[in-house]
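Written below as structure tokens is the structure these notes are about.
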Amino acid sequence: MSGKAKDILKLDLYGLLGIESTATTKEIKKAYRQKALTCHPDKNPDNPKAVELFHQLSQALEVLTDAAAKAAYDKICAAKKQAEERNKKLDDKRKKIKLDLETRERQAEAHSQEEVQITRTLEEEIARLREEGSRQLEEEQRLVREQIQREREAQQRQTGDCTQRYSGLERCSKSNVTPKLKLKWKCKKDNETNGGYSEDILFRLLQKYGDVLNVIVSSKKRGSAVVEFSTMRAAELAVKNESGLSENPLKISWLEGQPEVAAPASQPGQFMSSQGSLTNERDYESVVMMRMRQAAERQKLIEQMQREDDEEAARS
């Protein structure tokens, strides 16, 4: 049995989401969003238990919103429940009278084979989900991130803290780029695990510093990737603090958007005064323009990585 299947079988997926096994896909998604909002890594940057719970909720959504994977999981749960009911019905007297070692061994073997087959089915469905990518999970996580962003923006407008609100946004919009970092690690050419790193692993390592817009692992040059953050603050924290896997550390450097050292202001109140005159309309326009640029930046980033890979391959 694979490690992923074992981990999932230890969880009560319905209990995690607080729903019944008869819940519809719509009810499953709604329950996921409500739970994920409370333990999202962006809201709990220093709470590893919240990060683990968020990962478990994502596994529950991934399995329960896929018909084949859900059917395999439900079948295993039903088999476990039937086994528990059989054990409860057997009292000591019946065990002594009906005890037949040979029969019990045949029954045990039959049940074992059935469990192996059911578990294999679940493993195959989980493997398929990993290969195809879970669109359901990606969509729900995107909605959760957007709702958190809306809550932050609403709180910032209420407090009027313009300095904090524009610390990352204004610097990015002036240069027309979002902050990007280049990641390198040791990896041999014939290493199928790419040195222990994948897009999913890098995303989990970096999302604790803030919203990660893109993670692109080079398909030609092993041991190389580019990550794009939504804010300068998140990128700065990642550069200063992230070391990667202990057995294969990361080397992180700036690719685009490295901040310049700001000169001291001659009049401390001047910035707040000018920023305080910004209207909600301009605030909304800035956010919309930044999101439009993000789509174009992702395509540009992919093309840039391809050019670098081609140039390095030519030099080799």
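Every value quoted in this text rests on a predicted model; they were computed, and no experiment measured them. Values below: every heavy atom of this structure, side chains too, minus hydrogens, waters and symmetry copies.
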Check whether [X] reaches the backbone of [Y] with its side chain - one donor and one acceptor, N or O, closer than 3.5 Å.
X: Asn47; Y: Ala50; value: yes
X: Arg33; Y: Leu143; value: no
X: Asp211; Y: Ser230; value: no
X: Asn248; Y: Lys186; value: yes
X: Lys180; Y: Thr178; value: yes
X: Thr119; Y: Val116; value: no
X: Tyr14; Y: Ala23; value: no
X: Trp185; Y: Asn194; value: yes

What pairs with Lys208 under salt bridge (charged side-chain N to carboxylate O under 4.0 Å, His left out), at least two apart in sequence or on another chain? Glu242
Are [X] and [Y] in one and the same hydrophobic cluster, where Ile, Leu, Val, Met, Phe, Trp and Tyr link if side-chain heavy atoms are under 4.5 Å apart?
X: Leu213; Y: Ile201; answer: no
X: Val226; Y: Tyr197; answer: no
X: Met305; Y: Leu183; answer: no
X: Leu9; Y: Leu53; answer: yes
X: Leu255; Y: Leu205; answer: no

Are there more than 12 heavy atoms of other residues, nucleotides or ligands under 6.0 Å from atom [atom1] of [X]?
X: Glu247; atom1: CD; result: yes
X: Lys70; atom1: NZ; result: yes
X: Lys43; atom1: NZ; result: yes
X: Arg152; atom1: CZ; result: yes

Determine whether the side chains of [X] and [Y] contain a donor N or O and an acceptor N or O closer than 3.5 Å.
X: Tyr73; Y: Asp66; answer: no
X: Arg120; Y: Gln117; answer: yes
X: Glu151; Y: Gln155; answer: no

Distance from [X] atom [atom1] to [Y] atom [atom2], nearest 0.5 Å?
X: Gln56; Y: Ile8; atom1: CD; atom2: CD1; result: 10.5 Å
X: Gln304; Y: Glu256; atom1: CD; atom2: CD; result: 5.5 Å
X: Leu181; Y: Lys251; atom1: CG; atom2: NZ; result: 14.0 Å
X: Leu13; Y: Ile28; atom1: CG; atom2: CD1; result: 10.0 Å

Indicate the ring-plane relationship of Phe54 and Tyr32, choosing parallel, tilted or perpendicular according to the 30° and 60° boundaries. tilted
Could Lys88 and Glu85 be called an ion pair, given the rule that one side-chain N must be under 4.0 Å from one carboxylate O? no
Does the salt bridge (Lys or Arg N to Asp or Glu O under 4.0 Å) test come out yes or no for Glu139 and Arg142, once each step is laid out? CA-CA 5 Å; Glu139 176 65 12; Arg142 181 185 66 80; 2.6 Å; yes
